[in-house]
Amino acid sequence: VIPPTPDPPFVLTAEDGSPVELPHLERVLASAIAVADHGIVTLEHSLPALLGLRGSHSRLKLVDLPTGETVWQTSFPGEALLARIAGDELVAIEPDGTVRLVNWSLRRDRTLGHVDADDVRKARSAHAVADRRQLYLSLSGPAEGGYWSGGPTSIPVNGTLAAFDRIRGGLVWQDDVANQILLLGHRASLPVLLLHARRSGVSTPTVRAQQAHVQMLDKWTGRELLDE
């Protein structure tokens, strides 16, 4: 239980609600990012070692809460971009362009494919969504002035948009998309990806106009079907 106050978290048994002493509880929860069937998922970031002998890194751990022991872990370079996917998966994009898919429930870390290292260097953020066949990765820089879009069921796309085969691995297609958002509603049931953006501008000296931009991409090939 995590109280909505500065009070420390505590653990109760499911049978009778009696308290359980876990000295490591606060330490584990301080870096927790998810709750899994077999424990707590934590993400810890280390600082570079002295004299530059070793770079920083991030370490993802599956921790058994009763004992505080790590039952599975993997690590990423400190400069890697991380993107959480709904459920029990996370994507790590390393500085050299390696794209890794991590599933902590399956305790599996595998390479899906690669993107250009320059695209990773230019990106300010990474976002990822997936369906049963493919994973869609957005490496985005800051949007240009005047563009505005967003919402709880969308992710920004302003840079590289890439699709990977999540079953066999490998890059399926890649495209450059500017100043858009990827709409997520009904995405799993549609054969296309819908992207949308709005831009405010001046149509007359006293009236500000809004312009809408819509793109539609074939999910399986990346082919552009609509651009208006």
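Using a 4.5 Å cut-off between side-chain heavy atoms of Ile, Leu, Val, Met, Phe, Trp and Tyr, with links allowed through other members, Leu193 and Leu184 fall into the same hydrophobic cluster. Both Leu29 and Val35 sit in one connected hydrophobic cluster of ILVMFWY residues. Membership requires side-chain heavy atoms under 4.5 Å apart, directly or through other members. One hydrophobic cluster, built from ILVMFWY side chains closer than 4.5 Å, holds both Leu135 and Val120. In terms of hydrophobic clustering, with Ile, Leu, Val, Met, Phe, Trp and Tyr side chains grouped at heavy-atom distances under 4.5 Å, Leu25 and Val63 are assigned to a common cluster.
Nearest approach of Ala32 to Ile40, heavy atoms of both residues: CB-CG2, 3.6 Å. Scanning all heavy atoms of the two residues, the minimum distance from Ala128 to Val91 falls at CB-CG2, 4.0 Å. Residues Val177 and Gln215 share a closest heavy-atom pair of CG1-OE1, 3.8 Å. Shown here for Ala83 and Ala126, the closest heavy-atom pair between the two residues is CB-O, 3.6 Å. Of all heavy-atom pairs spanning Val157 and Ser140, the tightest one is CA-OG, 3.3 Å.
Looking at Leu90 and Phe76, their side chains come closer than 4.5 Å, going by heavy atoms from C-beta outward. The shortest side-chain heavy-atom distance between Ser58 and Ser75 does not fall under the 4.5 Å cut-off. Using a 4.5 Å heavy-atom threshold, the side chains of Leu217 and Val192 count as separate. Taking the side chain as every heavy atom from C-beta outward, Val129 and Ile85 never approach each other to under 4.5 Å. Using a 4.5 Å cut-off on side-chain heavy atoms (C-beta onward), Ile33 and Thr42 make no contact. Inter-residue side-chain proximity for Val115 and Val99 is flagged as met; some heavy-atom pair is nearer than 4.5 Å. Taking 4.5 Å as the limit, every side-chain heavy atom of Leu183 sits out of range of all side-chain heavy atoms of Leu195. Val20 has its side chain out of reach of Leu12: every pair of non-hydrogen atoms, C-beta onward, lies at least 4.5 Å apart.
Listed for the Ser138 side chain is a donor-acceptor partner under 3.5 Å among the backbone atoms of Pro156. Glu69 places no side-chain N or O within donor-acceptor distance of the main-chain N or O of Asp64, the cut-off being under 3.5 Å. Panel note: side chain Ser154, backbone Leu182; no donor-acceptor pair is recorded below 3.5 Å.
Considering Asp88, Leu62, Val41 as possible partners of Ser105, the one that fulfils the side-chain contact (heavy atoms from CB on, under 4.5 Å) test is Asp88.
Applying the side-chain hydrogen bond (donor to acceptor under 3.5 Å, both in side chains) definition to pairs two or more places apart or across chains, those involving residues 10-19 are Thr13-Asp16, Thr13-Ser18, Asp16-Ser18. Screening residues 19-29 for side-chain hydrogen bond (donor to acceptor under 3.5 Å, both in side chains), with sequence neighbours left out, gives no hits. For residues 218-228, every residue pair satisfying the salt bridge (Lys or Arg N to Asp or Glu O under 4.0 Å) rule, not counting sequence neighbours, is listed here: Asp131-Lys219.
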Where do Val71 and Arg107 land on the side chain to side chain contact (heavy atoms under 4.5 Å, CB included) test, with the steps shown first?
CA-CA 9 Å; Val71 296; Arg107 305 183 188 184; 4.2 Å; yes

Worked check of side chain to side chain contact (heavy atoms under 4.5 Å, CB included) between Thr98 and Ile93:
CA-CA 6 Å; Thr98 301; Ile93 307 96; over 6 Å; no

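For Thr111, there are no side-chain hydrogen bond (donor to acceptor under 3.5 Å, both in side chains) partners two or more places apart in sequence or in a different chain. Legend: residues meeting salt bridge (charged side-chain N to carboxylate O under 4.0 Å, His left out) with Asp119, ordered by chain and number and at least two apart, are absent. Under the salt bridge (charged side-chain N to carboxylate O under 4.0 Å, His left out) criterion, Arg110 pairs with no residue, sequence neighbours left out. Residues forming a side chain to side chain contact (heavy atoms under 4.5 Å, CB included) with Arg84 (at least two apart in sequence, or on another chain): Ala34, Trp104. Shown here are the side-chain hydrogen bond (donor to acceptor under 3.5 Å, both in side chains) partners of Arg168, two or more places apart in sequence or in another chain: Asp165. Under the rule for a side-chain hydrogen bond (donor to acceptor under 3.5 Å, both in side chains), Asp175 has no partner lying at least two apart in sequence or in another chain. For Gln73, the side-chain hydrogen bond (donor to acceptor under 3.5 Å, both in side chains) test picks out Arg59, with sequence neighbours left out. With sequence neighbours excluded, the residues that form a salt bridge (charged side-chain N to carboxylate O under 4.0 Å, His left out) with Arg100 are Glu94, Asp109. Residues satisfying the salt bridge (charged side-chain N to carboxylate O under 4.0 Å, His left out) test with Asp96, not counting sequence neighbours, are none.
Here the OG1 atom belonging to Thr153 is positioned 7.5 Å from the CD1 atom belonging to Ile181, to the nearest 0.5 angstrom. Between atom CD of residue Gln174 and atom CG of residue Leu161 there is a gap of 8.5 Å, rounded to the nearest 0.5 Å. For the atom pair OH (Tyr136) and CZ (Phe164), the distance works out to 12.0 Å, reported to the nearest 0.5 Å. Between atom CG of residue Leu139 and atom CG of residue Asp118 there is a gap of 12.0 Å, rounded to the nearest 0.5 Å. Note that CG of Leu171 and CG of Leu112 are 10.0 Å apart. Values are rounded to the nearest 0.5 Å. One distance of note links CG of Leu60 with CH2 of Trp72; it measures 6.0 Å at 0.5 Å rounding.
A donor atom on one side chain and an acceptor atom on the other are not found under 3.5 Å apart for Gln180 and His196. Side-chain contact, Ser46 with His57: a donor N or O sits under 3.5 Å from an acceptor N or O.
The existence of a salt bridge linking Glu89 and Arg166 is confirmed by a sub-4.0 Å separation between a basic side-chain nitrogen and an acidic carboxylate oxygen.
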